[in-house]
Amino acid sequence: MNTPSSSSPAEALRRSRREKLQRIVELGHDPWGHRLQGRLPIGEIRAMESQIQKVSTPEGEEEQGPKVLAAGRIMLQRKAGKLIFIDIRDWTGKIQLLVGKRQVGEKHWALAQCLDLGDLIAAQGELKHTRTGELSIFVKNLWIMSKALEPPPEKHHGLTDPELRQRLRYLDLIYTPGVMERFQRRTAIVKAIRRTLDQRGYVEVEGPTLQTIAGGAAARPFETFHNALGIPLYLRIALELHLKRLLVGGMERVYELGRVYRNEGISPRHNPEFTMLEAYEAYGDYHTMMDLTEQLVLAALEATGQGPKVQWGDAVIDFTPPFQRATYDELFAQHAGVDPGDEAAVAQVAQRLGIPTQDRHPDVIKNEVFEELVEPKLTGPVFVLDYPASICPLTKRKRDNPQVAERFELFIQGMEVANAYTELNDPDLQEQLFRTQLAGLPPEESMARMDHDFIRALRYGMPPAGGLGIGVDRLTMLLTGAESIREVILFPLLRPEKPGQATSAANPPEA
RNA sequence: GAGGCUGUAGCUCAGGUGGUAGAGCAACGGACUUUUAAUCCGUAGGUCCGGGGUUCGAGUCCCCGCAGCCUCACCA
């Protein structure tokens, strides 16, 4: 069709498959398959092994097994003259097919000659053992379900190049051991989170992802433009401010589980779009959310079918509850070796670390020291409690100490996994904090962007509440042994593939 | 944005100090009715990421660029 007489080896491989496709059509088979009725998952078929019976015949003892219909992808093929062994796999398991020329007849045998690694096929026959004891389907009928026109990766090593694994994730799922399982675990984790919140009486909602003010966090947003309205819009960087509006609106337990977008760097722990859970509970506080966090993490852990001790890289994470709780200042003193109340001493440490101290708020300096010296030591799981109020513009202060905010973060392996507050519901203080945060900062870098409608909402009365955010991707990393966030995101952001780029396994995208 | 590492057949990889590019898998042809990463015989397959440069000669050395990974920066 669009293939000129190219003689590259990749073309030769594709041509061979195209020729077989043609042959399949000529033989009267539909190379693109059709609905299958009565097909069983391979896992279930394997479980039928016990139904195989030995019967006596004039020729001796023979096996008699159930008739089954299976479908799957051809992973391996062994040809032995007029006999072909084909290993097919679906997402429940793998099984061997035995195709014999005498047993299947001409038309099916001719079809079998046109099969390649990677094709999707269906086979129907008797479930029995081969001479060497391998559970197999002794094929009577054979269909092709989908002809693979591209050659699959190497059959024992699969794909190893991380770039190819991410760009061709469908192949990664098929051929890299553990990838399918990891993403299924991710789904199980997300389901467990939903189940836990639903059981606790929460409602799930969907807030806007296109916003005129991207608030609720200190991150650079992606910008876009609405043509009909003629206004700039931003992709959300947090779920917070709209969920709190819903608290005002009377949704007393509310959560959203969805994507947020941050226009920042990419690293093994950062992807520009990631999945966040935020949950708000009226008449709770950050202690309420601490209990909830522990419950959610344990539910997620259980959903992955693991015990309390999880291997992650060289480390073992012990999720045995209750998780350790320690205050920000305690941990600061312990790991930074400085009295957190001694501003001069803290500034000195900061300077030693190369953290600028000129004209900066002491709490900001202190927090950067914390991030530098304390966070990497927090192998956790550990709840860090009571942050300096000045770095928490959306958080209620402690009743007996306005310098301290009722906030905690959960750290595991030096990673911030959860962040929670007793939510600030005083509209005047909230407005004031927005303004002081804004003072002298370009709007892009403000820690909290002024959102007048949000302040107005607070003026109508928001119940005191606990609020929680959990980074679902990071939690999934920790619970599935993934050391890069790209291993738990199906399609992480990559630079676009250039036409003709040498790293492309298959046809480059059309120009 | 900075630094380090990597890029060789469709895939997985090898190619000391510069001398006209190799293996396994996959493909193609042949043998084989109980294989298990099947085996055996044979054939074909290359923009060595791209572009410059040094050299009689570059996969190899130098410069510029592209992409990926890692570290850092950014990041409540």
Side-chain angles (χ1 to χ4, degrees), chain A residues 7-17 19-20 75-87 94 96-104 109 116-118 128-136 138 149-168 171 175 216-220 237-238 240 262-272 274 354 363-364 367-368 370-371 375 387-388 390-395 405 407 409 416 419-421 437 444-448 469 471 483-484 486 492 494-498 500-507:
Chain A
S7 60
S8 81
E11 271 315 314
L13 292 179
R14 292 192 192 105
R15 194 157 46 235
S16 153
R17 285 169 183 261
E19 282 162 12
K20 287 176 186 166
M75 304 304 288
L76 291 172
Q77 218 177 354
R78 293 174 291 282
K79 297 194 178 185
K82 300 187 172 48
L83 205 56
I84 308 175
F85 299 92
I86 301 173
D87 291 350
K94 197 184 254 189
Q96 175 172 274
L97 308 180
L98 188 154
V99 183
K101 186 178 185 183
R102 265 204 313 275
Q103 291 79 359
V104 297
W109 184 249
D116 289 304
L117 295 182
K128 291 195 294 190
H129 295 99
T130 59
R131 210 173 280 171
T132 50
E134 177 82 18
L135 185 67
S136 307
F138 286 63
L149 297 175
E150 294 285 347
E154 212 269 353
K155 71 184 184 188
H156 341 119
H157 301 97
L159 291 178
T160 60
D161 181 344
E163 181 180 357
L164 281 183
R165 287 188 48 219
Q166 291 163 39
R167 285 197 196 281
L168 283 59
L171 293 185
Y175 293 102
R220 216 166 293 245
I237 56 173
E240 176 138 359
R262 297 187 179 181
N263 206 340
E264 288 156 4
I266 296 173
S267 86
R269 295 170 175 202
H270 301 263
N271 192 60
F274 61 98
D363 284 343
V364 173
N367 197 48
E368 288 189 17
F370 187 90
E371 285 172 7
E375 288 187 3
Y387 278 66
S390 46
I391 60 167
C392 309
L394 297 160
T395 313
R407 169 184 182 180
E409 291 192 352
E416 178 197 337
N419 182 16
Y421 316 138
Q437 292 292 341
E444 300 273 301
E445 284 160 35
S446 161
M447 286 183 97
E483 291 183 74
S484 167
R486 285 179 218 106
L494 289 171
R495 282 193 165 78
E497 198 175 357
K498 291 203 174 96
Q501 191 172 305
T503 49
S504 163
N507 288 312

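In what follows, every chain begins at residue 1, and chains take the letters A, B, ... in the order their sequences are listed.
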(request) Sticking with atom C1', work out how far B:G3 lies from B:A76, rounded to a whole angstrom. (result) 28 Å
(message) Students often get this wrong, so: under 4.0 angstrom with heavy atoms, is A:K128 touching a base, only sugar-phosphate, or nothing?
(response) nothing
(message) Base, sugar-phosphate or nothing for A:R78? Non-hydrogen atoms, less than 4.0 Å.
(response) base
(message) Any donor-acceptor pair, under 3.5 Å, between the side chain of A:E134 and the base of B:U34, if you only look at N and O atoms?
(response) no
(request) Write down the distance between CG (A:L76) and P (B:A38), rounded to a whole number of angstrom. (result) 5 Å
(request) Take atom CZ of A:R407 and atom P of B:A76, then tell me their distance rounded to the nearest Å. (result) 10 Å
(message) Distance check, P atoms only: B:G16 and B:G22, in whole angstrom units.
(response) 13 Å
(message) Could you check whether A:E409 pairs with A:R407 (Lys NZ or Arg NE/NH1/NH2 to Asp/Glu carboxylate O, under 4.0 Å)?
(response) yes
(message) Under 3.5 Å, is there any donor-acceptor pair linking the side chain of A:T130 to the base of B:U35?
(response) yes
(request) Write down the distance separating the C1' atoms in B:U60 and B:G53, rounded off to the nearest Å. (result) 15 Å
(request) Write down the distance separating the C1' atoms in B:C62 and B:G18, rounded off to the nearest Å. (result) 13 Å
(message) Heavy atoms only, 4.0 Å cut-off, all strands: where does A:G265 land among base, sugar-phosphate and nothing?
(response) base
(request) Assign A:K82 to base, sugar-phosphate, or nothing according to its heavy-atom contacts below 4.0 angstrom with the strands shown. (result) base
(request) Kindly indicate whether the side chain of A:H270 and the base of B:C75 share any N or O donor-acceptor pair separated by less than 3.5 Å? (result) yes
(request) Write down the partner of B:U43 under the Watson-Crick or G-U wobble criteria, each distance required to be under 3.5 Å. (result) B:A27
(message) If I pick the C1' atom on B:A21 and the same atom on B:U47, what distance separates them, to the nearest angstrom?
(response) 14 Å
(message) Using the P atom as the point on both nucleotides, what is the distance between B:G24 and B:G45, in whole Å?
(response) 16 Å
(message) Give me the distance, rounded to whole Å, that separates B:C13 from B:U6 when you measure between the C1' atoms they each carry.
(response) 14 Å
(message) Please report the distance separating the P of B:C28 from the corresponding atom of B:A58, rounded so that it comes out in whole Å.
(response) 37 Å
(message) Any base atoms under 4.0 Å from A:R486, or only sugar-phosphate, or nothing? Heavy atoms, all strands.
(response) sugar-phosphate
(request) Calculate, to the nearest 0.5 Å, the distance between atoms CG and OH belonging to A:N419 and A:Y387 respectively. (result) 7.0 Å
(message) Base, sugar-phosphate or nothing for A:R102? Non-hydrogen atoms, less than 4.0 Å.
(response) base
(message) Once you apply a heavy-atom cut-off of 4.0 Å, does A:Q103 come out as touching a base, just sugar-phosphate, or nothing?
(response) base
(request) Identify whether any heavy atom of A:E416 sits under 4.0 Å from a base atom; if not, whether one sits that close to sugar-phosphate; answer base, sugar-phosphate or nothing. (result) sugar-phosphate
(message) Heavy atoms only, 4.0 Å cut-off, all strands: where does A:L98 land among base, sugar-phosphate and nothing?
(response) base
(message) Under 3.5 Å for both donor-acceptor distances, Watson-Crick or wobble: does B:A67 have a partner, and if so which one?
(response) B:U6
